[in-house]
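FYI, side chains are in, hydrogens and waters are out, and symmetry mates aren't considered; it's all heavy atoms of this structure. Order of the sequence lines sets the chain letters (A, B, ...), proteins ahead of strands, with each chain counted from 1.
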Protein chains: 2
Amino acid sequence: MVTIKDVAAHAGVAFKTVSRVVNNDPTVKPVNRNKVLASIAALDYRPNRAAQMTRRKKSGVIGFIADELLRVPYTFDLIRGAQDLAWKNNKELMVLNVNVDKYSIEGAINHLLGHRAEGIIYAAMYHREVELPQQLTPIPTVLANCFDASGRFASIVPDEKEAAREITAKMLNKGYRRIAFLNLNENIIAGQQRKAGAEQAFAEHKGKDCELHIESVIIDDGANERSVTRLRAAELIQSFKPDAILCGQDPMAVEVYFVVQSLGLKVGEDIGIGSFDDWDIIPTLLKPELTTMALPHYDMGQWAINYLLNERTDLVSQTAKFNLINRDSF
Amino acid sequence: MVTIKDVAAHAGVAFKTVSRVVNNDPTVKPVNRNKVLASIAALDYRPNRAAQMTRRKKSGVIGFIADELLRVPYTFDLIRGAQDLAWKNNKELMVLNVNVDKYSIEGAINHLLGHRAEGIIYAAMYHREVELPQQLTPIPTVLANCFDASGRFASIVPDEKEAAREITAKMLNKGYRRIAFLNLNENIIAGQQRKAGAEQAFAEHKGKDCELHIESVIIDDGANERSVTRLRAAELIQSFKPDAILCGQDPMAVEVYFVVQSLGLKVGEDIGIGSFDDWDIIPTLLKPELTTMALPHYDMGQWAINYLLNERTDLVSQTAKFNLINRDSF
DNA sequence: CTGAAAGCGCTTACAG
DNA sequence: CTGAAAGCGCTTACAG
């Protein structure tokens, strides 16, 4: 590989001058700068990043530990948000997938420590509490889509409650009066907080004759989860007679669309449907297209890396707002 | 940060001895090895990767250029397959997303060149031909899910034709006689080859009264594509009267399920449905669950990195077999 | 089995 | 404005 010395010899200057040109040192005389630039181009020279890092004693590496991420498609936006900004700031985002079967968090941290990572983003697949090894402490760390029990780290999580309040309020404002909210499992944070948000919207709404029915249709029988969405949607349409159904996540909306159609009803006409997540192509695959609250993963990824780039150390608990994606289902 | 010299001082040996222990040199006397190991643990020492790379003149980096990848969820398996093996072989997989708007291929290659990448995997979002800049040539490169026009690179792509032949043959063997294949756009390779595969299955099948109808339901009107799947599925069920429908990809199957239900028919009873891709959660979200040919992305990722790890240079054009995921839709 | 020297490709700190 | 020296944290090559 061509080195700084090869370029220097080719250009007829000291190799230190080449270094100056490479690092945009303005003190280089234009004549020399041009000679060097020409030689760099001629030899196709590129500074060796590893050597730069060694000498500078700065790695330029930011670690991204993705805990069980990427089993859900849109979570990749967390990485994308971080990566875009890392790139702009000349940092290397080193992404490590971690999961119970294969790679331990400890392994990932060791790896990043070996690379002298300047910061770490730890991201979870779904909004939850995490417990991180003590080992992390030497490196500035920020959590995305999760928060820690011990309060050692800054974190950003989606504002579940506000999202549910917003979409429920929107339904009420459109004139829907009887809303059935087929919620996620209420053991998880999204389930709990969205319930509270929907209730708040009803409490704030002045209209009368409004009724809210909330129930969890993701059943957690020990090891795995199963959905009773189809069953309960069908039953509720007969009994509770909702004019709108709010679904805990877009895949549930698919199930509800099938039920609605099977009962001879039309989404968006006989019954409104709303949802959460903006899950991959699902919302636009459905007809009418699904109005849903998009998770702010991209924003959270950006916020997290900005926190590190700005060398913040305050222990904020930040929330990120969902984006209402207005389509045609209610 | 603690360095090799700190460890040496703490252990009372030359720093070269620490280096030997770190690199598992068997010639170190057990007494000294243990002293060093104890000091490493006490000081929480970890070799500086950048310094190692600099001195060894090996980066240990393999680049993964993801062209517009990750807009389709399962394509992440390409990365996962490569990453798992990279990890095992102590290589760093440096993943770079490339897309028209933001990051150029040239930018990605420059980046990798600066890191002295030892090899590059170039992966496309969907099976297609690509044209790569001349710049790539100095580094061993292999293509995944795509192939190049010039024949400069080894590549691995999914065996589309065999996949279509297999699932069509399976339908025929189960007794289905009139199969409507709602194909992808036939401008793309998957569309072309799957058509050929379905036709081959019919040609090979001995049964009589069999009929195959193939048509593309993804219309390409200039800039964007639109699906006429619902429309054509409904019309064909009336006119061609298929007893089975094969869909070009799982999202199309969702559309067909809606059509089938709207006509008062039952998937798996009145009409069989098969598909391609194994797209995220779609196949199990449908009821009955969808039988589909899973794209071999994970395998292709593994094959590609193995090609590089084994320092192969032969210009193979490898194909990877889809996996038939047997569920209940036909 | 161990260590002192040289060197990887750069940047830092200093001299001129 | 430019260069020669020293040094980053390691490994290589060699001597003992």
Side-chain angles (χ1 to χ4, degrees), chain A residues 1-37 39-40 43-61 90 92 110-118 138, chain B residues 1-37 39-40 43-61 90 92 110-118 138:
Chain A
M1 272 271 107
V2 21
T3 73
I4 207 172
K5 292 188 182 174
D6 300 324
V7 178
H10 188 273
V13 296
F15 72 90
K16 177 65 247 213
T17 302
V18 179
S19 170
R20 285 200 175 88
V21 172
V22 164
N23 292 286
N24 291 314
D25 184 327
T27 69
V28 180
K29 235 196 310 190
V31 200
N32 285 331
R33 148 164 280 110
N34 289 334
K35 276 200 288 187
V36 169
L37 254 17
S39 298
I40 287 178
L43 302 177
D44 199 24
Y45 168 72
R46 240 167 291 262
N48 182 318
R49 300 280 271 143
Q52 289 181 318
M53 290 171 183
T54 304
R55 188 56 252 251
R56 285 184 183 146
K57 307 193 72 172
K58 277 191 186 175
S59 67
V61 168
N90 247 305
E92 203 64 50
N110 276 330
H111 194 87
L112 292 172
L113 250 19
H115 281 277
R116 302 294 186 268
E118 296 164 0
Chain B
M1 271 271 109
V2 21
T3 74
I4 207 171
K5 291 187 182 175
D6 300 324
V7 178
H10 187 273
V13 297
F15 72 89
K16 177 67 246 211
T17 301
V18 178
S19 170
R20 285 199 176 90
V21 172
V22 164
N23 292 286
N24 290 314
D25 184 328
T27 67
V28 180
K29 233 196 314 190
V31 200
N32 285 332
R33 149 163 280 109
N34 289 334
K35 275 200 288 189
V36 169
L37 254 18
S39 298
I40 287 177
L43 302 177
D44 198 25
Y45 168 72
R46 239 167 293 260
N48 182 319
R49 300 281 270 143
Q52 289 180 320
M53 290 171 182
T54 304
R55 186 58 252 248
R56 284 183 184 146
K57 306 192 70 171
K58 278 191 186 174
S59 68
V61 168
N90 246 305
E92 204 65 48
N110 276 332
H111 194 88
L112 292 172
L113 250 21
H115 282 277
R116 302 294 185 268
E118 296 165 0

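- Residue A/Tyr45 forms a side-chain contact (heavy atoms from CB on, under 4.5 Å) with just one option from A/Val36, A/Val7, A/Asp6, and that option is A/Val7.
- Between the CG atom of A/Asp6 and the C1' atom of C/dG9 there is a distance of 11 Å, given to the nearest Å.
- The side chain of B/Thr54 contributes no N or O atom lying less than 4.0 Å from OP1 or OP2 of D/dC8.
- Applying the 4.0 Å criterion to OP1 and OP2 of D/dC10, one finds that B/Ser19 has every side-chain N and O outside that range.
- The side chain of B/Asn48 contributes no N or O atom lying less than 4.0 Å from OP1 or OP2 of D/dC8.
- If you measure from atom CG of A/Asn23 to atom C1' of C/dC10, you get 9 Å, rounded to the nearest angstrom.
- Residue B/Val28 is in sugar-phosphate contact alone, with no base atom involved, counting any heavy-atom pair closer than 4.0 Å across all strands shown.
- Following rounding to the nearest Å, A/Lys29 (NZ) and D/dC1 (P) show an atom-to-atom distance of 8 Å.
- Here the C1' atom of nucleotide C/dC10 and the CE atom of A/Met1 are 15 Å apart, to the nearest Å.
- Put simply, the side chain of A/Arg55 and the base of D/dG9 share no donor and acceptor less than 3.5 Å apart.
- For the residue pair A/Glu92 / A/His115, no side-chain donor-acceptor distance below 3.5 Å is found, with atom types taken as modelled.
- A 4.5 Å side-chain heavy-atom check between B/Val2 and B/Asp44 finds every atom pair outside the cut-off.
- Between A/His115 atom NE2 and D/dC8 atom P the separation is 22 Å, expressed in whole Å.
- Pair check for C/dA4 finds none; no Watson-Crick or G-U wobble contact set falls under 3.5 Å.
- Proximity of A/Thr3 to A/Asn48: side-chain heavy atoms (C-beta onward) are nowhere separated by under 4.5 Å.
- Atom-to-atom, NZ of A/Lys57 to C1' of D/dC8 comes out at 6 Å; the value is rounded to the nearest Å.
- An OP1 or OP2 oxygen of D/dC10 is reached within less than 4.0 angstrom by no side-chain nitrogen or oxygen of B/Gln52.
- Side chain B/Arg116 to base C/dG9: no donor-acceptor pair is found below 3.5 Å.
- At a threshold of 4.0 angstrom between heavy atoms, the contacts of B/Thr17 are confined to the sugar-phosphate backbone, with no base atom among them.
- If B/Pro30 and A/Ile4 are placed on DNA chain C by their nearest nucleotide, the residue sitting closer to the 5' end is B/Pro30.
- Taking atom NZ of A/Lys58 as the reference point, atom P of D/dG7 lies 21 Å away to the nearest angstrom.
- Backbone-only contact: B/Ala14 has heavy atoms under 4.0 Å from sugar-phosphate atoms and none from a base.
- Among the protein residues, A/Arg33 comes within range of no part of the nucleic acid, since none of its heavy atoms lies under 4.0 Å from any strand.
- Counting any heavy atom pair closer than 4.0 Å across all strands shown, B/Lys16 reaches a base atom.
- Judged purely by atom type and a 3.5 angstrom limit, B/Asn23 has no side-chain atom pairing as donor or acceptor with the backbone of B/Asp25.
- Residues B/Arg116 and A/Arg46 are in side-chain contact: their nearest non-hydrogen atoms beyond the backbone lie under 4.5 Å apart.
- Put simply, CG on B/Asp25 is 16 Å from P on D/dC14, counting in whole angstrom units.
- You'll find a donor-acceptor pair under 3.5 Å spanning the side chain of A/Arg20 and the base of D/dG3, going by distance alone.
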